[in-house]
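Chain naming here is simple, since letters A, B, ... match the order of the sequence lines and numbering starts at 1 in each.
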There are 2 protein chains.
Amino acid sequence: MPQGESGADARSARPTMKDVAALAGLSIKTVSRVVNGVSTVDPELATRVQDAARKLGYRPNLTASNLRRSDGRTLTIGMLVEDAANPFSAALMRAAEDIARSRGVLVLFGSLDEDPARERELVEALLDRRVDGLVMVPAGRDQSYLAAEQQAGTRMVFVDREPGLLGADAVVSDNRQGAITAVEHLLAHGHRRIGYLGDQITIPTAAQRFDGYQYALEYARLPLDPDLVRHDLHSTEAAEEAVEQLLALPEPPTALFTSQNLVTIAACRALRRLRKHQEVAMVGFDDFPLADILEPGISVIAQDADALGRIAAQVLFSRLDGDTSATRTMTVPTRLIPRGSGELTPRSVRA
Amino acid sequence: MPQGESGADARSARPTMKDVAALAGLSIKTVSRVVNGVSTVDPELATRVQDAARKLGYRPNLTASNLRRSDGRTLTIGMLVEDAANPFSAALMRAAEDIARSRGVLVLFGSLDEDPARERELVEALLDRRVDGLVMVPAGRDQSYLAAEQQAGTRMVFVDREPGLLGADAVVSDNRQGAITAVEHLLAHGHRRIGYLGDQITIPTAAQRFDGYQYALEYARLPLDPDLVRHDLHSTEAAEEAVEQLLALPEPPTALFTSQNLVTIAACRALRRLRKHQEVAMVGFDDFPLADILEPGISVIAQDADALGRIAAQVLFSRLDGDTSATRTMTVPTRLIPRGSGELTPRSVRA
DNA sequence: CTGAAAGCGCTTACAG
DNA sequence: CTGAAAGCGCTTACAG
């Protein structure tokens with residue numbers, strides 16, 4: 001005979017609908033109706049259910065209801081970023097979290113550290129948990145392995161970088177235009193030798209920014225001097241060393257365009273050590289805290305990480321709500337913030 | 001007759017064990033054994049299952065297996081922090097993620113923004129999803145509502161702040177000692193009027209840091225001048241204004257102790273605007289990026305956020321592994337990093 | 001070593 | 001408006 005009394009193992013310590021039904025003297029179907037807010041329940045019975053639920057400390061088991069439910073929703077989405085501890089990733093996550101929360105959805109997260117193998121592992125781990133959808137900054141360049149999953153109905157939105165070999169929604173910054181704006185700003189202040197310091201060129205955003213750098217020089221009919229270009233600066237040390245090497249050239253650059261957050265900070269540090277921070281101009285891609293407080297303040301091309309994360313989540317939910325229009329890439333504009341470092345002029349001009 | 005063919009609705013597009021079993025011509029129990037790596041399966045049958053699974057793109061449904069499984073594990077934990085976008089919270093999350101990942105566990109996160117109501121909502125949302133455990137930075141001062149859940153077997157570890165009215169494991173920084181170290185450092189450099197700028201005093205860590213400030217002054221037999229103490233500086237504007245007011249006093253402080261990250265940064269900004277950053281000494285609680293590059297560099301009491309997050313996750317998993325020893329609070333030491341701002345001496349000493 | 005039956009906690013589809 | 005039966009995808013407990 002089913003009783004409110006449960007077995008001895010740990011899991012049964014948590015009351016179920018059956019326990020609530022037994023205490024209220026009703027069927028579990030009626031309890032289910034009350035828990036789910038179905039309006040066609042006798043108010044008196046509803047009260048009995050609510051009292052019993054409160055008394056037992058009953059909480060619905062979402063994972064069980066999801067299993068049987070026709071929409072199959074877990075009210076959970078997955079979010080994969082480069083590194084949860086990095087300010088840009090953290091801002092993306094927080095923005096997506098807020099959109100999700102407004103719909104009662106929670107976010108599972110994972111850091112990929114630019115490792116395609118990890119991307120696949122974590123995607124599988126998320127899918128095994130039957131997340132309703134995925135927001136991700138891809139680490140690899142090939143997401144075709146997700147095609148079957150997409151067919152199976154899992155919604156996915158890419159953010160910061162477009163997917164490779166897969167048609168899916170994406171929300172990205174206007175990287176190329178941002179880089180063009182940065183370089184043209186330096187050109188407008190009289191610079192003709194502008195160094196490029198960038199992250200791994202295999203990262204799509206890095207490639208797009210480098211492309212913008214090239215285009216701006218070409219448009220100004222200036223030659224691209226390969227000695228002034230340094231890629232693959234993934235560590236702080238590598239970036240600082242690259243700055244030192246560039247400035248030790250017979251014809252050193254009078255300005256630098258740094259294509260990413262950490263590279264920009266490393267360059268600041270190197271210029272200060274060389275005591276050239278009031279002399280060599282610099283514009284960085286990506287804003288960072290305290291950029292305004294340094295002397296000179298660091299001019300940057302700011303990305304709107306909040307908007308990227310927010311829009312990506314909104315697109316995901318609109319897909320979950322049934323939007324079946326063609327997938328597309330949305331571009332979020334960047335913004336030049338002049339703070340001093342980008343407005344330094346070369347000696348030749350100042351003289 | 002059960003066939004590999006499925007119905008038309010979205011969820012059935014994803015193959016189940018039943019589909020794999022049908023294709024392999026075996027029972028679903030055998031498929032289950034292979035999927036779970038049970039060794040007592042005929043190698044030939046195991047191969048048949050694996051082939052069928054690969055062909056269908058089968059992925060196990062973790063949420064279904066969890067429902068029936070005797071350990072009831074979801075391989076998912078919940079982590080609630082102050083704000084995922086804040087560097088300290090982000091570092092906690094990343095550290096916990098790494099520990100969890102090494103055990104095949106994923107992390108659901110949520111930001112509380114110091115709101116106790118949100119704390120309760122998100123805790124419920126996590127429990128409804130049957131997370132194996134919880135790591136949290138509590139927003140409210142009373143966690144007694146979790147007692148029943150703790151009884152029911154949910155493991156929980158508090159980080160950065162101890163729980164209120166609940167016996168549970170906690171991992172915290174040595175806030176009081178850190179504050180004492182900061183103030184004694186300033187005293188050792190000749191300061192006698194040291195201002196205190198802090199966040200809401202209702203936050204336990206803020207209270208502990210203020211306590212350390214008071215103790216250090218008392219130990220040095222110096223009076224505590226209430227004019228030099230400002231609490232509740234939760235916004236940047238409030239913090240900057242407080243600095244201005246303190247420095248406008250007839251007898252202004254010659255040094256400041258700022259009890260938190262954002263307050264420290266706001267104070268830097270205010271001192272720079274007043275052109276007193278080379279004159280008024282400062283030690284901040286909590287390190288932050290670029291603190292070393294400012295001029296002067298900002299001396300801080302650094303917390304080890306990585307260690308806090310890592311240890312909290314490790315304690316949680318040791319509990320999940322069956323450790324039933326008495327709950328306890330672990331304290332992670334802080335470290336003074338002198339960078340210049342804390343070593344400025346008051347005029348009277350320099351003269 | 002393999003499989004048919006029962007059940008995890010819930011919802012669906014259907015009678016009353 | 002209420003409830004008994006069946007089933008979501010899987011594992012347990014038990015036969016063979």
Query - Test log, rule side-chain hydrogen bond (donor to acceptor under 3.5 Å, both in side chains), inputs A:Tyr145 and A:Glu124 - result: CA-CA 11 Å; A:Tyr145 68 94; A:Glu124 289 202 336; over 6 Å; no

Does [X] make a side-chain N or O approach to OP1 or OP2 of [N] shorter than 4.0 Å?
X	N	answer
A:Tyr58	C:dG9	no
B:Thr30	C:dG3	yes
B:Ser32	D:dC10	no
B:Asn66	D:dC10	no
B:Ser27	C:dG3	yes
A:Ser65	C:dG9	no

Query raised in the report: Do B:Arg33 and C:dG3 have a side chain to base donor-acceptor pair shorter than 3.5 Å?
Result: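 Donor-acceptor pair under 3.5 Å: yes.
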
Check the distance between [N]'s [atom2] and [X]'s [atom1] and give it to me in whole angstrom.
X	N	atom1	atom2	result
B:Lys29	D:dA15	NZ	P	16 Å
B:Leu62	D:dC8	CG	C1'	16 Å
A:Asn36	C:dG9	CG	P	17 Å
A:Arg69	C:dT11	CZ	C1'	7 Å
A:Leu67	D:dG9	CG	C1'	5 Å
B:Leu26	C:dA4	CG	C1'	14 Å
A:Met17	C:dC8	CE	P	15 Å
A:Arg68	C:dC8	CZ	P	16 Å

**Report entry** Side chains of A:Thr327 and A:Asp169, donor plus acceptor under 3.5 Å
**Finding:** no

Requested in this report: Have a look at B:Val315 and tell me which of B:Arg155, B:Met330, B:Arg310, B:Arg328 forms a side-chain contact (heavy atoms from CB on, under 4.5 Å) with it.
Outcome: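 In the set B:Arg155, B:Met330, B:Arg310, B:Arg328, the residue that makes a side-chain contact (heavy atoms from CB on, under 4.5 Å) with B:Val315 is B:Met330.
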
Query raised in the report: More 5' along DNA chain C: B:Arg130 or B:Val41, using each one's nearest nucleotide?
Result: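 Nearest-nucleotide comparison on DNA chain C picks B:Val41.
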
Query raised in the report: Less than 4.0 Å between a side-chain N and a carboxylate O, is that true for B:Arg54 and B:Asp51?
Result: yes

**Report entry** A:Asp42, nearest nucleotide to its side chain (from D:dT2, D:dC10, C:dT11)
**Finding:** D:dT2

**Report entry** Flag, side chain of A:Asp132 to backbone of A:Leu75, donor-acceptor distance under 3.5 Å
**Finding:**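 Yes; judged by distance alone, with no hydrogens or angles, the pair exists.
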
Report task. Check every strand shown and say whether B:Ile28 touches a base, only sugar-phosphate, or nothing at a heavy-atom separation below 4.0 Å. Result -> base

Query raised in the report: Considering Watson-Crick and G-U wobble pairs with both distances under 3.5 Å, what does C:dC1 pair with?
Result: D:dG16

